[in-house]
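Quick notes on the structure that follows.
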Amino acid sequence: MSSLAKRDSALVLLSLIFFIWGLITVVSNSLIPHYKAVFSLDYQTAMLFPMAFFISRIAVSLPTSFVMAKIGYKATLQYCLLWCFFGCLVMAYLVRSQELILTLMGIFIMASGISAIQVVSSPYVSLLAAPEKSIHRQSIATASNSIGTVLGPIALSAVIIVASSLGYVETAEQISMLFLCIGLFFLILIIYFRAIDLPDIQPNVRRGFWKGLCELVKQADFMKLALVLRYILGSKCVLVRLPLHI
């Protein structure tokens, strides 16, 4: 029974993490029109903001996986939670400057923590149970992520309304308050992390990056899927650019 409770408390933590990263992703995309208006940007330049958010995945995913292979899932998750907490505080501070470079820097720092925690949480939630039950836990976590994406615009609107009622009429102040609230959420997750007995799992297989990459490239199914995704993404980029030249 205690083992079951341990796995359930861990699932609650990881589901909340899935929830908040879904919420942050949607909120960040919803703020693009604000950034475009504040900095007087055209549509192409405004794409720097989602680029700063999503390029963090390329920058931190591999380093996070290397750290995870060295110190395990639990310790890496703890550091990622702290990273997300301080990243939200940095974003809340820098967005008030209303400077383009500082705001982009704040987005990248905040998004880097979110990207790092995704690297840890996705396999961790599956490894907390037997293989035949991992699909159920992954489904719960994914559903939490979807709920976060649905509630993201609602949370953004609620924070703007509350901030306006408190006298914060500038949008930069309202966005700052939003990320302070998200930072508070991560602080609660850090406290919850310390309160529960989270199982520590060490990766069983440790390989060099280049060796693992070579083995992956040799798999025909993986390469076919990668080419299909590359074609789809390339088509979307063309569709996004077309209106800009009309």
Inset, instruction - For V60 and A116, work out which heavy atoms get closest and say how close. - result: CG2-N, 3.8 Å

Legend entry - Pairwise distance OG(S121) to CD1(I20) - rounded to 0.5 angstrom: 12.5 Å

Exercise answer: donor-acceptor pairs, residues 48-56 side-chain atoms, under 3.5 Å, sequence neighbours excluded:
residue : atom : partner : partner atom : Å
S56     : OG   : F53     : O            : 2.5
S56     : OG   : A111    : O            : 3.4
S56     : OG   : S115    : OG           : 2.9

Inset, instruction - Give a yes or no on whether Y79 atom OH has more than 12 heavy-atom contacts from other residues, nucleotides or ligands under 6.0 Å away. - result: no

Inset, instruction - Look at the side-chain heavy atoms of Ile, Leu, Val, Met, Phe, Trp and Tyr, link any pair under 4.5 Å apart, and say whether V150 and I147 land in one connected group. - result: no

Inset, instruction - Answer whether the closest heavy-atom distance between the side chains of L14 and L77 falls below 4.5 Å. - result: yes

Legend entry - Value rounded to 0.5 Å, distance of CG in L156 from CG in L151: 12.5 Å

Legend entry - Beyond-backbone contact of V26 with P153, side-chain heavy atoms, under 4.5 angstrom: yes

Can you give the donor-acceptor pairs under 3.5 Å from side chains of residues 166-192 to other protein atoms, not counting sequence neighbours?
residue : atom : partner : partner atom : Å
Q174    : NE2  : S164    : OG           : 3.0
Q174    : NE2  : Y168    : O            : 3.0
S176    : OG   : A92     : O            : 2.7
S176    : OG   : R96     : NE           : 3.0
Y192    : OH   : S9      : O            : 3.2

Legend entry - Student check: side-chain heavy atoms of L16 and S144 closer than 4.5 Å: no

Legend entry - Side chains of Y124 and L198 in contact at under 4.5 Å (non-hydrogen atoms): yes

Inset, instruction - Using modelled atom types only, decide if a donor and an acceptor are shared between the side chain of S165 and the backbone of V162 within a distance under 3.5 Å. - result: yes

Inset, instruction - May I ask you to check whether F18 and W21 place their ring centers less than 6.0 Å from one another? - result: yes

Inset, instruction - Check whether any side-chain heavy atom of F85 sits under 4.5 Å from a side-chain heavy atom of L81, and report yes or no. - result: no

Inset, instruction - Take F108 and L104 through the test side chain to side chain contact (heavy atoms under 4.5 Å, CB included) and record every step on the way to the result. - result: CA-CA 6 Å; F108 180 79; L104 286 171; over 6 Å; no

Legend entry - side chain to side chain contact (heavy atoms under 4.5 Å, CB included) evaluation trace for T25 with T149: CA-CA 7 Å; T25 302; T149 60; 5.9 Å; no

Inset, instruction - Taking all non-hydrogen atoms of both residues into account, name the closest pair between T103 and L94 and its distance. - result: OG1-O, 4.2 Å

Legend entry - Distance-minimising heavy-atom pair for T76 and G72: OG1-O, 2.6 Å

Inset, instruction - Measure the CD1-CD1 distance between I17 and I114 for me, rounded to the nearest 0.5 Å. - result: 9.5 Å

Legend entry - Beyond-backbone contact of M91 with I109, side-chain heavy atoms, under 4.5 angstrom: no

Inset, instruction - Please check if any side-chain donor atom of N145 sits under 3.5 Å from a side-chain acceptor atom of T142, or the reverse. - result: no

Legend entry - Single-linkage hydrophobic cluster, 4.5 Å side-chain cutoff, L31 and M105 together: no

Inset, instruction - Treating Ile, Leu, Val, Met, Phe, Trp and Tyr as nodes and any side-chain heavy-atom pair under 4.5 angstrom as an edge, say whether I154 and V159 lie in one connected cluster. - result: yes

Inset, instruction - Work out which heavy atom in C80 is nearest to a heavy atom in T64; give both atom names and the distance. - result: SG-CG2, 4.5 Å

Inset, instruction - Identify the heavy atoms of E99 and F39 that sit nearest to each other, and give their distance. - result: C-CE2, 3.5 Å

Legend entry - Heavy-atom side-chain contact between V12 and I196 under 4.5 Å: no

Legend entry - Co-membership, hydrophobic cluster, residues F19 and W83, 4.5 Å side-chain: no

Legend entry - Side chain to side chain, S28 and M110, heavy atoms closer than 4.5 Å: yes

Inset, instruction - Heavy atoms only: give me the nearest G152-V27 pair and the separation to one decimal. - result: O-CG2, 3.5 Å

Legend entry - Backbone of I58 reached by a side-chain donor or acceptor of S61 within 3.5 Å: no

